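Below is one structure; the comments refer to it alone.
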2 protein chains.
Amino acid sequence: MALLWRGGEQPEEVRPGPKPALSVDVIVEAAIEVADREGMAALSMRKVGERLGRTGMALYTYVPNKGELIDLMYDRVLAELPTKYDVSAGWRPAVASWAGHTLDFYLRHPWVLQVSQARPVLGPNEFAALESVVAILRGTGLGPRRTRGVVALLFDFVRGAARTVTESRLAPSATGVSDEEWWRTRSHLLEEVAPGFAERYPMVAWVESQDDEAGEDDTFTMGLNVLLDGLEATIAKG
Amino acid sequence: MALLWRGGEQPEEVRPGPKPALSVDVIVEAAIEVADREGMAALSMRKVGERLGRTGMALYTYVPNKGELIDLMYDRVLAELPTKYDVSAGWRPAVASWAGHTLDFYLRHPWVLQVSQARPVLGPNEFAALESVVAILRGTGLGPRRTRGVVALLFDFVRGAARTVTESRLAPSATGVSDEEWWRTRSHLLEEVAPGFAERYPMVAWVESQDDEAGEDDTFTMGLNVLLDGLEATIAKG
DNA sequence: GACAATGCCTTACGGCATAAGGCTATCAGC
DNA sequence: GCTGATAGCCTTATGCCGTAAGGCATTGTC
């Protein structure tokens, strides 16, 4: 917690003992690289230490434990998000832009989705991220209560969409099988193991049938538009 | 995979060797109890084995590995969900009812939220759950593509809401501190560590200010209504 | 009774977070 | 330059985890 909010530079008091060769910052950076590349499950103190030419235990000089390291990673990476959005064209394009940036962010750092969200880590950049959406919604005339609800809805949607994308990306790469191949194999298995699938689950069969609609935009954009329409209706109702 | 779809009873061929004292079903049941009570992180083969008076290794006679056990737990627990919703009053109350049931379900089994969702486990009850929402939406006239998008949005919203609730419940109980106390301590720390918080994050301060609106319904109901309004608009637009 | 198969066990390996204690480089004060 | 304290980093150890390997006793068929 204190580490999260530590100011620019500490007074740098002169102390006996060897100079620190590492720093909280380089450790956090190395840890983020590991998590970005290999995922949260593969993140271990030893691995981060090795990347810095140290043992895992060396990190405990700088960081009290793995949990706090993750908090630091989380807040650090949140700094990538824009903090201001142009609302001159209204809240709608601004929210759409926010959603897009936030989705990209989660796709860049999928492990972030595994950091607790209900109980926020409460770092400076987390508040900044929250600040940016609320600032957009401020112009809608919604009260704080409704704004909170809408913010939660927006975050849930974006995070859910990100989770869907990243999880479907991760699973096959682990086994070295292509995505398409994976689905084909799965379908074959399904037919073998559950004959009469289409009769048993007619709605599922229908919903997964070939597209009959025009429109090339993806699931994300679609869901976002539904959501924005709902927001518009909510605002209109006062 | 085969275990997921295994039919009612196997032919029960007579085999040499000791009679199995356990079964896949009792193992899955025991594992669910552990996960419900102590969370996914505390679920281990040894712990499930102990609950059944066995070692952890004994389970490997019935289940190939932990991952498949989790798949089985997942599909088993999904059987709790209703499969049919009354659409005689229109899709809106039916979807609302579905969302409520599904939220309760996730709150009952929070660990389910940690089972991969993009790459579904593809068990029978997962398809049944999907079938139930799509059946409701079938009456709206939406095509398969849009329906898919709406289903994703609905699931993302409900899962996000559930995650928010369960994670905020879990964190303090682990430390033995009450929820309220936790927030107060956190606030104190924040003031100490980040003076001028309200000036730095004016929007956050505003959105977290006291309620000025009437209405006693919670964040979930609010978000759901926004979402349903959006769905209504989408349907109206054809 | 011989033999094969099976449920369950113990042991072992390599991973994890992290507590404890030791070595050594580096400082302040003498 | 020496002494003593301190801090960075190490090795070692503890107790978890999933699971591979191999052993033993029970239970069936012939």
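Note that the coordinates shown come from a computational prediction; the quantities given were computed from them, not determined experimentally. Letters A, B, ... are given to chains in the order of the sequence lines, protein chains preceding strands, and every chain is numbered from 1. All values below come from the heavy atoms of this structure, side chains included, with hydrogens, waters and symmetry mates left out.
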Just how far, in rounded Å, is [atom2] of [N] from [atom1] of [X]?
X: A:Asn65; N: C:dC16; atom1: CG; atom2: C1'; value: 14 Å
X: A:Tyr60; N: C:dA17; atom1: OH; atom2: P; value: 6 Å
X: B:Leu22; N: C:dC9; atom1: CG; atom2: C1'; value: 13 Å
X: B:Met45; N: D:dC16; atom1: CE; atom2: P; value: 18 Å
X: A:Lys47; N: C:dC16; atom1: NZ; atom2: P; value: 6 Å
X: A:Met57; N: D:dA13; atom1: CE; atom2: C1'; value: 11 Å
X: B:Glu38; N: D:dC16; atom1: CD; atom2: P; value: 13 Å
X: A:Lys66; N: C:dT18; atom1: NZ; atom2: P; value: 8 Å

> Given the side-chain rings of B:Phe105 and B:His109, with only the six-membered ring counted for Trp, is the space between their centroids under 6.0 Å?
Replying inline: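 When the ring centroids of B:Phe105 and B:His109 are compared, they turn out to be within the sub-6.0 Å range.
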>> Please determine whether a side-chain nitrogen of the Lys or Arg among A:Arg200 and B:Glu131 lies less than 4.0 Å from a carboxylate oxygen of the Asp or Glu.
In response: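 No.
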> Does the pair B:Arg6/B:Asp25 count as a salt bridge with the N-to-O cut at 4.0 Å?
Replying inline: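 Result for this pair is yes, salt bridge flagged.
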> Of B:Gly56 and B:Arg15, whose nearest nucleotide on DNA chain D comes first from the 5' end?
Replying inline: B:Gly56
Between [N] and [X], is there an OP1 or OP2 to side-chain N/O distance shorter than 4.0 Å?
X: A:Arg54; N: D:dC9; value: yes
X: B:Lys19; N: D:dG28; value: yes
X: B:Tyr62; N: C:dC8; value: yes
X: A:Thr55; N: D:dC9; value: no

> So B:Trp98 and B:Phe155, would you call those rings parallel, tilted or perpendicular, with 30° and 60° as cut-offs?
Replying inline: perpendicular
> When the ring planes of A:Tyr201 and B:Phe127 are compared, do they come out parallel, tilted or perpendicular, using 30° and 60° as the limits?
Replying inline: tilted
>> Please classify the nucleic acid contact of A:Leu69 as base, sugar-phosphate, or nothing, using heavy-atom distances under 4.0 Å.
In response: nothing
> Is any N or O donor-acceptor pair between the side chain of B:Arg46 and the base of D:dT19 shorter than 3.5 Å?
Replying inline: yes
>> On DNA chain C, does the nearest nucleotide to B:Pro18 precede the nearest nucleotide to B:Ala58 from the 5' side, or the other way round? Give the residue.
In response: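 The answer here is B:Pro18.
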